[in-house]
Trainee: 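Have a look at this one.
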Amino acid sequence: MPLFEISTKEQDLALLKKSKTRTKTTTVKKSGGSIADRINTIKAMVETHLGKFADETIIIQDEQTLSDYVDKCLKNGICSIDTETTGLDPLQDELVGVGIYTPGEKTTYIPINHISYVTGQKVKNQLSLDVVGKYLAKLNADIDMFNAAFDIRFIKNHTGTRLKCTWDAYLASRCLNENEPNKGLKKLHQKYILRGEEDAFKFDELFKGIDFRYVPIKTAALYAAHDPKITWEYAEYQRNIFRTKENLKDVYWVFKNIEMPVVDVVVDMEDTGVEFDMEYNAQLKEKYHKILDEKLEEFQTAYHMYDDEINAYKNSEVISDEYIYPDATTSAGKKNKYGKATGKKVSNRVKLDDPINIASVPQLQALLYDIIGLKGPIDKKTKEPSRSTSEESLKANKDNAVVKAILDYREFATIVSTFIDKLPECVNPKDGRIHCKFNQYGADTGRFSSQDPNMQNIPSHNKDIRKMFKATDGYVMMSADYSQQEPKCMTMMCQDPLMVNAYNQGKDLYAEIASLSFNTTYENCLEFRPDGTTNPEGKERRSQAKSILLGVLYGRGVPSIAEQLKTTTAKAQEIKDSVFRGFPAIEQFEKDSQAMAEECGYVTTLWGRKRRLPAMMLPDYEFEYIDKDSSDPLSFDEDGDNEVPANIVRSYMSKLSRAWGKKKQAIIAEAKQEGIKITDNTKNKDVTKVVNARIQGSAADMSKLAMIMLHNDEKLKEWGFRMLIPVHDEIIAECPKEHAKEVVERFAQIMSEAPGEKFTIPIKCDVEVSERWYGDRITL
DNA sequence: ACGCGACGCGCC
DNA sequence: AAAGGGCGCGTCGCGT
């Protein structure tokens, strides 16, 4: 790690995404001024903004004081804790100090690893990690934290004491409002406790690039001791909200019984990490870079056929938005538009690198659409040929050698740069393992997310990549995935007796839906006949039913489903109607969910998690008279003077309900002419998210419940089972070889028992065992 | 030099 | 005429 770095907990969350750039090379020098200057600035700023707290802060520098404070915490039964560190990695960065607070007492800061920036020597009068650990272990009280897994891991890995957090204010904040834009403790405290009365001083900037160890203890204490206090204040505020709002009962259940227990699972998964095979990676590197180089050459050879045109482009005279070929033999005098990559103004003529940068969208656009003169697929909105260079758009011109070369290159480019080249850089040199960070409430639906690296988007289609991850020596890897987790959640939520039946009879749901919707036998809707031969018609029926169901689940429109099924919109609509006729409960579920969202502004999962979609409460359109004369005091009269009469509203509504796109714009424009302002809310209403949030969220609840049960299972613990990566409907884990057999059985069993009485249909769960992630299957 | 949005793409 | 939910990240190129 670079020497001069700092991370405080709040920055950790607030700057979650920027962590990589921050931990890379930030130095005191780059941040300006000598270290002494920087420290002096920090001293002065902290003094100015936090000096008022000096009398309320205790710096704990001896065992007795710590012991006394721990006693106070025990007496109160509650405290809050926050750590200061040199970075974001609990395995490689240092624990600098710990702040503890218990209500009614002074705030404290325990310096542990401060260093004099003058002498470079460790500052005297600091407690050791051992002693701090010893007393933290006695903290048998409720503990508030913010982003608890981070602090628990730091304290665990440096002092040996594993704290148990009772209230993670970050997770509570996510449960209370997943749309909250502020993710950091200080900002949340500012907003909800101080209510914006005081200026939020940007400590992030102040401490940027400074190793917290070099901050003098007195200064550090003022800053650091404040954090546990605001953590507690914010947590208290949250507890009060949960207590007083009856409609948060279920959300509270999710918080206490799902989110908080998952914290301990995350701590273990992050600390465990996954073993990464560097040698195998080196082999892949060679193999794939060779391929990539070949593809790049093919691209260059292909576009060299257009060298004349390229030169003409480069030498073209630029006139405003257009250019003219000076050479009459090519596209003589013809004007061409170009250079609108993002819809906003870009440079008039794209500067082409030599060789042309295949990774540059603007350069490819110039090459394909201006120089070669290809026409992309028609853009739905502008109705002009698209200038997109996405795979989908390029396919329209896949006969062109340059386009083909780009597609070929792209197939490997992501795999090489994102996975083969990047993953080895993520390996912790101390143990040869990759320890990514899991954000257990990363997605607003309740799903996990993963970063540094993202372990949830490792290619599965390409088997080479996942094989870089292997089981610890003496262990086997295993992955258990829920089959059809989301359709099953949907079945449980809509309680369609036919769907429930299908699952209870062990039938293939999609085939059953196809059978009942298209009035044919179940057997006629399967991909294979009983004799093992393929049945193309059955396969098609099944896939149609599947598309419709998943379409509903994803909030997908009929035209999109039509495209997937390679049929017309009308036909897709017909199929959808059939399915809805056969399974009215699906349509009812969709309607109920939309109604719930429109009425309450949120939807709920099977276990009571909420997804707030407040825009759903807005009417589709709002009507008001535009003030003709703003100087007229009457025009500001609130008593309905601006209200458009109901009959006029009705007339517009009926017109609008039948109109789309430009027609709709025309109606709104027409109304404006007549002095009526129509606000179109339909584009802001998250109709497509409504059903999906319920299903995806329920599935996330279910997976988390499984993780908790797996983590707490005594037998699995005994057998050395440990989870490694949650991939939404799948859990990757490992265990010592000798226990593989019994672990597999119990693993699958617990997974299927996890949803408990909420599920009245069987859950099947296959567990695959291998040496490597997606390696050859081992039969036990 | 760095932050950020757009784009494109990997996963479920 | 209509067009897919949830993520993280590499790269580019603009803006500061």
Side-chain angles (χ1 to χ4, degrees), chain A residues 15-18 20-22 24-26 30-32 178 208 341-347 350-351 353 357-365 380-381 383 387-394 406 410-411 413-419 421-422 426 436-439 442-462 465-466 481-482 485-486 547 550-564 569-570 572-573 611 613 658-664 682 686-697 699-700 703 725-730:
Chain A
L15 301 177
L16 216 57
K17 287 195 171 178
K18 287 101 207 169
K20 283 173 291 36
T21 38
R22 282 187 59 259
K24 251 175 204 165
T25 52
T26 323
K30 279 184 192 168
S31 306
E178 72 286 350
K208 202 170 188 173
T342 58
K344 60 181 181 187
K345 188 110 170 109
V346 296
S347 56
V350 176
K351 193 185 170 305
D353 290 333
N357 185 346
I358 194 170
S360 165
V361 170
Q363 287 185 41
L364 287 188
Q365 287 174 321
K380 273 97 193 174
K381 277 187 183 156
K383 291 188 174 173
R387 294 179 63 84
S388 162
T389 64
S390 69
E391 188 182 335
E392 204 39 49
S393 307
L394 290 185
I406 295 169
R410 286 236 181 111
E411 191 185 339
T414 314
I415 284 178
V416 173
S417 70
T418 313
F419 303 106
D421 287 353
K422 218 77 207 176
C426 301
C436 77
K437 288 205 294 272
F438 293 110
N439 184 348
D444 293 340
T445 52
R447 264 194 186 177
F448 261 87
S449 71
S450 147
Q451 57 172 75
D452 299 329
N454 182 351
M455 293 295 285
Q456 294 177 323
N457 74 338
I458 309 292
S460 58
H461 181 70
N462 178 328
I465 309 299
R466 289 195 174 187
D481 70 311
Y482 283 120
Q485 190 190 29
E486 292 189 342
S547 286
L550 295 184
V552 173
L553 210 144
Y554 290 145
R556 204 168 176 176
V558 172
S560 162
I561 296 170
E563 191 176 276
Q564 185 189 355
T569 304
Q573 184 65 55
R611 174 76 178 104
L613 302 167
R658 289 186 306 253
W660 262 274
K662 282 192 173 169
K663 266 190 185 169
K664 197 152 102 177
T682 56
D686 305 300
V687 270
T688 57
K689 294 182 181 174
V690 169
V691 168
N692 183 258
R694 301 191 78 182
I695 306 297
Q696 192 185 109
S703 295
I725 313 159
V727 196
H728 310 307
D729 64 345
E730 181 185 9

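What you see is a predicted model; the values in this text were computed from it and never measured. Reminder, nothing fancy here: chain letters follow the sequence lines and each chain counts from 1.
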Trainee: What nucleotide among C/dC12, C/dC9, B/dG10 has an atom nearest to a side-chain atom of A/Asp452?
Mentor: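 Closest nucleotide among those given: C/dC9.
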Trainee: Using the P atom on both, measure C/dA3 against B/dG10 and round to a whole Å.
Mentor: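 Straight-line distance between the two P atoms is 25 Å.
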Trainee: Can you identify which nucleotide, out of B/dC9, C/dG10, B/dC12, has its nearest atom closest to the A/Ser417 side chain?
Mentor: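 Per side-chain heavy atoms of A/Ser417, the pick is C/dG10.
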Trainee: Do A/Asn439 and A/Gln451 have side-chain heavy atoms sitting under 4.5 Å apart?
Mentor: no
Trainee: Of the listed nucleotides (C/dG6, C/dC9, C/dT11), which one gets closest to any side-chain atom of A/Ala359?
Mentor: C/dT11
Trainee: To the closest 0.5 Å, what do you measure between CG (A/Leu613) and OG1 (A/Thr688)?
Mentor: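 Output value for this atom pair is 9.0 Å.
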Trainee: Give the nucleotide from the list B/dG10, B/dC12, C/dG10 with an atom nearest to the side chain of A/Asn457.
Mentor: B/dG10
Trainee: Could you measure the distance from the CZ atom of A/Arg556 to the CD atom of A/Glu563? Nearest 0.5 Å is fine.
Mentor: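 Between atom CZ of A/Arg556 and atom CD of A/Glu563 there are 8.0 Å.
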Trainee: Specify the separation, in whole Å, of atom CD1 of A/Ile725 and atom P of C/dC7.
Mentor: 20 Å
Trainee: Give one of base, sugar-phosphate or nothing for A/Thr569, where a contact means two heavy atoms less than 4.0 Å apart.
Mentor: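 Counting heavy atoms under 4.0 Å across all strands, no contact is made by A/Thr569.
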Trainee: Tell me, which of residues 686-694 of chain A have any heavy atom that sits under 4.0 Å from an atom in DNA chain C?
Mentor: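 Residues of residues 686-694 of chain A under 4.0 Å from DNA chain C: A/Thr688, A/Lys689, A/Asn692.
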Trainee: Does A/Arg447 contact B/dC12 through a side-chain donor or acceptor facing the base, at a distance under 3.5 Å?
Mentor: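 Flag set: donor-acceptor pair detected.
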Trainee: Which of these nucleotides, C/dA3, C/dC7, B/dC12, is closest to any side-chain atom of A/Glu563?
Mentor: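 Minimum distance to the A/Glu563 side chain belongs to C/dA3.
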Trainee: Where the side chain of A/Phe419 is concerned, which of C/dG8, C/dG6, B/dG10 is the nearest nucleotide?
Mentor: B/dG10
Trainee: Please pick, from C/dC12, B/dC11, C/dG8, the nucleotide with the shortest atom-to-atom distance to any side-chain atom of A/His461.
Mentor: B/dC11
Trainee: Output the rounded distance in Å from CG (A/Leu364) to P (B/dG8).
Mentor: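 Taking CG of A/Leu364 and P of B/dG8, I get 10 Å after rounding.
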Trainee: Using a cut-off of strictly less than 4.0 Å, decide whether A/Ser360 has a side-chain nitrogen or oxygen near OP1 or OP2 of C/dG13.
Mentor: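 For C/dG13, OP1 or OP2 has a side-chain N or O of A/Ser360 closer than 4.0 Å.
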Trainee: Just call it for A/Ile458: base, sugar-phosphate, or nothing, with non-hydrogen atoms closer than 4.0 Å on any strand.
Mentor: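 Since only primed, P, OP1 and OP2 atoms lie under 4.0 Å of A/Ile458, the category is sugar-phosphate.
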Trainee: If you only use heavy atoms from C-beta on, which nucleotide in B/dC9, C/dG6, C/dC9 is closest to the side chain of A/Gln696?
Mentor: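 Nearest nucleotide to the side chain: C/dG6.
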Trainee: Under 4.0 Å between any heavy atoms, over every strand shown, what does A/Arg466 touch: base, sugar-phosphate, or nothing? Just pick one.
Mentor: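 If one applies the 4.0 Å heavy-atom cut-off, A/Arg466 turns out to touch the sugar-phosphate alone, with no base involved.
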Trainee: Measure from the side-chain heavy atoms of A/Ser390 and tell me the nearest of B/dG8, C/dC12, C/dC7.
Mentor: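 Closest nucleotide to the A/Ser390 side chain: B/dG8.
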Trainee: Does A/Arg410 make a side-chain N or O approach to OP1 or OP2 of B/dC9 shorter than 4.0 Å?
Mentor: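 Affirmative; the distance criterion is met.
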Trainee: Please figure out whether A/Ser450 or A/Arg556 has its closest DNA chain C nucleotide nearer the 5' end.
Mentor: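 First, find each residue's nearest nucleotide; the 5'-ward one identifies A/Arg556.
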Trainee: Please give, in whole Å, the distance from B/dC12 C1' to A/Phe438 CZ?
Mentor: 14 Å
Trainee: Figure out the CG/P separation between A/Leu613 and C/dG4, and round it to whole Å.
Mentor: 17 Å
Trainee: For A/Ile406 and C/dC12, give me the distance from atom CD1 to atom C1', rounded to whole Å.
Mentor: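 For the pair A/Ile406 CD1 and C/dC12 C1', the rounded distance is 15 Å.
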Trainee: Rounded to whole angstroms, how far apart are CD on A/Glu178 and P on C/dG6?
Mentor: 11 Å
Trainee: Could you measure the distance from the OG1 atom of A/Thr414 to the CG atom of A/Asn462? Nearest 0.5 Å is fine.
Mentor: 11.5 Å
Trainee: Can a donor-acceptor pair be found between the side chains of A/Lys689 and A/Thr445 at a distance below 3.5 Å?
Mentor: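 A/Thr445 and A/Lys689 do not have a side-chain donor-acceptor pair below 3.5 Å.
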Trainee: So, is A/Ser560 near the phosphate of C/dG4, with a side-chain N or O under 4.0 Å from OP1 or OP2?
Mentor: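 True: A/Ser560 side-chain N/O within range (under 4.0 Å) of C/dG4 OP1/OP2.
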Trainee: State, with a plain yes or no, whether a side-chain heavy atom of A/Asp729 is found less than 4.5 Å away from one of A/Glu486.
Mentor: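 The answer is no; the side chains never approach within 4.5 Å.
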Trainee: Measure the OG-CE distance between A/Ser450 and A/Met455 for me, rounded to the nearest 0.5 Å.
Mentor: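 Answer for the OG-CE pair, A/Ser450 versus A/Met455, is 7.0 Å.
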Trainee: So what does A/Pro559 hit on the nucleic acid, given a heavy-atom distance under 4.0 Å: a base, only sugar-phosphate, or nothing?
Mentor: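 Base contact.
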Trainee: List the residues meeting side-chain hydrogen bond (donor to acceptor under 3.5 Å, both in side chains) with A/Gln485, not counting sequence neighbours, and say none if there are none.
Mentor: A/Ser703
Trainee: Please report, rounded to the nearest Å, how far the C1' atom of B/dC7 is from the CD1 atom of A/Ile358.
Mentor: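 Rounded to whole Å, this separation is 15 Å.
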Trainee: With respect to the phosphate group of B/dG8, does any side-chain polar atom (N or O) of A/Thr389 fall under 4.0 Å of OP1 or OP2?
Mentor: yes
Trainee: Got a salt bridge between A/Glu178 and A/Arg447, using NZ or NE/NH1/NH2 to carboxylate O under 4.0 Å?
Mentor: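 Salt bridge: no.
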Trainee: Specify the separation, in whole Å, of atom CD of A/Gln456 and atom P of C/dG6.
Mentor: 15 Å
Trainee: B/dC12 phosphate, OP1 or OP2: any side-chain N/O from A/Ser460 under 4.0 angstrom?
Mentor: yes
